[in-house]
S.K.: 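Quick one: structure below, then a few questions.
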Amino acid sequence: MPEGKSRTRQALQPIKRARGLTDFLNELNEVQRGAVTATSGPVMVLAGAGSGKTRVITYRIAYLIRNEGVSPANILALTFTNKAAGEMRHRVDSLLRHGSAGGLWIGTFHSIFARLLRNYIDLLGFSRNFTIFDADDSKSLIRQSMTDLNISHDSVPVNTIQGIISRAKNSFIKPGEFQRSAGDYNQQKAAVIYEHYDRKLKENNALDFDDLLIKPIELFNQFPRVLEELQDMFHYILIDEYQDTNRAQYLAAKMLGARRRNIFVVGDDAQSIYSWRGADITNILNFQDDYKEAKTFKLIENYRSTGNILKAANSVISRNVRQIRKELVSHRNTGEPLTLMEAQDERREAEKVGERINSLRMKQGYEYSAFAVFYRTNAQSRVIEDIMRRLRIPYRIFGSVSFYKRKEIKDAVAYLRFILNDRDTESLLRILNFPPRKIGDVSVARLREFAEEKGISLYEAIKRAEEGGFQQRLVNALASFAGVIDKLESMAETATVYEVLSELFTLTSIPLLLQAENTAESLARYENLLELLSMARDFSDHNPDGSSLRDFLENISLASNYDEAQDSDNYVSLMTVHAAKGLEFPVVFITGLEEKLFPLNAYEPEQLEEERRLFYVAMTRAQEKIFLSWAQTRYQYGQPHYCLKSMFIGEIDASIVQKESGAYLSDIQAKERQGGQPVSRPELARRQDLAAAPSAPESRPKPQAAGIRKGTMVHHAVFGSGTVLDVQGTGAKQKVRIQFRSAGEKTLMVQYANLTVQR
DNA sequence: TAACTGCTCTTTTTT
DNA sequence: AGAGCAGTTA
């Protein structure tokens, strides 16, 4: 690229620069540097966990701007989270002189595409003030559609329908087409609902999350001029977490980059954990087929974790068939072995985690913030939370209910949305009788009929309620509501978001009502509204211009609960493994390592591979220590369940896993192989470890019949002690009939019962 | 209109 | 066990 231009640029740089040109590249290893400087043509970077992925993207952007003289406005960088986008922008900014990154297009797929759509969406028959429906909004519209169509909510679950519609949208199947191809009952129902739902969206002048991704493609197909315009704008496209792109994201990026083919993707197939949301791992696996001339860089130097942690992670992930082979290499010392903790139930498991946290703090001086506790499902957090509280360990749960999903916030936001887009019936229905104005369901239904008859919008019908011959009391209530809205609408044209929101609170008295209720809960809600108000003030201070309400709302719609900046407080982090992606902690606890929990119900080999990648993600978050834990019994859906140790434990190189006793799994295995000695109870427990620790990748944990035969005294975690009456069958299906001392006679599957032999 | 009750369902959820 | 929802009752 233009040498001269870059020289000119440099000449213009002030003499005192934070870093010189050479320093800048010297901060990278050789492969990273290659990836940063290969600026023309398609490039794929396979970035293993902790290998400096963000560094490569940000340096590349800085390099393009600083060394190749590319204008920031010609660079498009797409991420999946606001947090990643924010961090990227921040880092680019500090690599360049502050402020010179202005004009860069950095953002999530959704926010960037929303921004583009604001400019062109009228071509598709929406207006620019469209509302963005989040997953909840769209679910409620689907529910509404089902009611309209007289489809009972329990014959087909809303969640299922939402999933089917989302998948159809992301495969670019239109409602009509989908109706023709619909197979089973659910699909047929979904097809009808889909058609209705999509029409409703348009009536509401609203787009759902899927639309934000697929509408641009529709736009590009129907209006090639638009595409060309954008292709001329984005000379360089960079995509983070490429393994998580779905079909629409893949296609949109491909179209945008088609002219110049300067497409740069970074990702790690081993960390693809969102296939259930439509992410398509083949996008990254086939990048080379899509772009034959692509250069590939593999970043495998890991700066985060100890050698043992990587050894463990490598040995696990190597069992996946569908992957691009790579082994992470540690730049740290070997470190300590991993620790396997076994508990009798989930409470005890949580206690062990808590106790371990305390002892590591005392003995090794770790801060609370050094610890993270991961679990596979949110339901597991409750017990852990209880125990942390009891042990007085400060903690924070990530990914609990998002601020913006709280009822009071959604209500206030619904007003703002409606003020901006008075076709947004979803929001209207939310606020029409909130705060209570004696406008009940029956009245709403009549109003909708009235609107239908006249062929007008619901809000129009409200304003013209007098013509409908409704009760005077209702007409008055509606008029006062419309008065509030009109006032705010006209105010919104000139006033700031903050002013509009304050006025809204004054006119509707929502905060006052909550305050008056004076319960702990209502006061918390009151606080939340004040928080929203101060956010609005903050926003207004930074965006004094006219379109600020729209931008404010867009930020809210596209915000998530994982975006919250980590404050500096000292606490233990609790989160699902999914939420942990991209983070790192000195000490990591991976809990609930049991069959059917982690891996969670993996029926297909592909699903098992994804679970394994998830486990891989969990392990590679750790810098220094990993604790793996499982419980022999666990309450699930209110029922006690016997658990079997996760197969993943056995997939880790046994020579680097220690039990709490200090014994290495590999030693236990070796001793087992010699055999012969009388079996003690702890020894038997060890043998069970062995049974679940296959040496070959393909083998599954199976028969645990070791030492169990007729007459054996056994112990069961829940039923207590008993005598084996009978053993039926072999292998995975082996059952035993046991006479328990206090629990009576039971027949149990050996593989699930987790029996220990008593002497 | 709102409070109550019984029924169903339950993974993960970057936007 | 707990949430969310639909239908029922005060």
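Heavy-atom basis, side chains included; hydrogens, waters and symmetry copies ignored. By convention in this document, chain letters (A, B, ...) are assigned in the order of the sequence lines, proteins followed by strands, and residues within each chain are numbered from 1.
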S.K.: Got a second to check how far Tyr194(A)'s OH is from Ser166(A)'s OG, nearest 0.5 Å?
M.R.: 9.5 Å
S.K.: I want to check one thing: is the phosphate of dT11(B), taken as OP1 and OP2, less than 4.0 Å away from some side-chain N or O of Thr576(A)?
M.R.: no
S.K.: Shortest non-hydrogen contact from Glu610(A) to Trp276(A)?
M.R.: OE2-CD1, 3.3 Å
S.K.: Is any side-chain N or O of Asn82(A) closer than 4.0 Å to OP1 or OP2 of dT14(B)?
M.R.: no
S.K.: What residues, two or more places apart in sequence or in another chain, satisfy side-chain contact (heavy atoms from CB on, under 4.5 Å) together with His641(A)?
M.R.: Gln636(A), Gln639(A)
S.K.: Closest to the Arg143(A) side chain: dT13(B), dA6(C), dT11(B)?
M.R.: dA6(C)
S.K.: The criterion is side-chain contact (heavy atoms from CB on, under 4.5 Å); which residues satisfy it with Thr108(A), sequence neighbours excluded?
M.R.: Thr79(A), Asn82(A), His110(A), Ser111(A)
S.K.: In whole Å, measure the gap between the P atoms of dG4(C) and dT13(B) for me.
M.R.: 15 Å
S.K.: Whole-Å distance between dT14(B) P and Asp134(A) CG?
M.R.: 11 Å
S.K.: Is Arg277(A) near enough to dT11(B) that one of its side-chain N or O atoms lies under 4.0 angstrom from OP1 or OP2?
M.R.: no
S.K.: Does the Lys NZ or Arg CZ of Arg613(A) fall within the cation-pi geometry relative to Phe615(A) - under 6.0 Å from the ring centre and within 45° of the axis?
M.R.: no
S.K.: Can you tell me if the side-chain N/O atoms of Asn378(A) get under 4.0 Å from OP1 or OP2 in dT13(B)?
M.R.: yes
S.K.: Could you tell me whether Arg376(A) contacts a base, only the sugar-phosphate backbone, or nothing, with contacts defined as non-hydrogen atoms closer than 4.0 Å?
M.R.: base
S.K.: Give each protein N/O atom lying under 3.5 Å from an N/O atom of nucleotides 1-5 of chain B, with the pair distance.
M.R.:
{"residue": "dT1(B)", "atom": "OP1", "partner": "Gly440(A)", "partner atom": "N", "Å": "2.5"}
{"residue": "dT1(B)", "atom": "OP2", "partner": "Gly440(A)", "partner atom": "N", "Å": "3.3"}

S.K.: So is Arg612(A) actually on top of Phe648(A)'s ring, under 6.0 Å and inside 45° of the axis?
M.R.: no
S.K.: Judged by each residue's nearest nucleotide on DNA chain B, which is more toward the 5′ side, Ser111(A) or Thr377(A)?
M.R.: Thr377(A)
S.K.: Looking at Phe374(A) versus Phe589(A), is the centre-to-centre ring distance below 6.0 Å?
M.R.: no
S.K.: Could you say whether Tyr637(A) or Thr108(A) is positioned toward the 5' end of DNA chain B, judged by the nucleotide with the nearest heavy atom to each?
M.R.: Tyr637(A)
S.K.: Send over the distance from Gln271(A) CD to dT14(B) P, rounded to a whole Å.
M.R.: 17 Å
S.K.: Nearest whole angstrom, please: distance from the P of dT10(B) to the CZ of Arg382(A).
M.R.: 17 Å
S.K.: Stacking check: are the rings of Tyr274(A) and dT12(B) less than 5.5 Å apart at their centres and under 30 degrees in tilt?
M.R.: no
S.K.: Rounded to whole angstroms, how far apart are CG on Leu558(A) and P on dT13(B)?
M.R.: 19 Å
S.K.: Touch check for Asp244(A), heavy atoms < 4.0 angstrom, all strands: base, sugar-phosphate only, or nothing?
M.R.: base
S.K.: Is Arg525(A) atom CZ crowded by more than 12 heavy atoms from other residues, nucleotides or ligands, each under 6.0 Å away?
M.R.: yes
S.K.: Can you tell me how far P of dT11(B) sits from CG of Asn601(A), to the nearest Å?
M.R.: 9 Å
S.K.: Would you mind reading off the distance between Arg634(A) atom CZ and dA1(C) atom C1', rounded to a whole angstrom?
M.R.: 14 Å
S.K.: Whole Å only: how far is the CG atom of Asn246(A) from the P atom of dT14(B)?
M.R.: 15 Å
S.K.: What is the distance, to the nearest angstrom, from the NE2 atom on His110(A) to the C1' atom on dT13(B)?
M.R.: 12 Å
S.K.: Remember a base hit wins even if backbone is also touched, and classify Tyr635(A) as base, sugar-phosphate or nothing at under 4.0 Å, heavy atoms.
M.R.: nothing
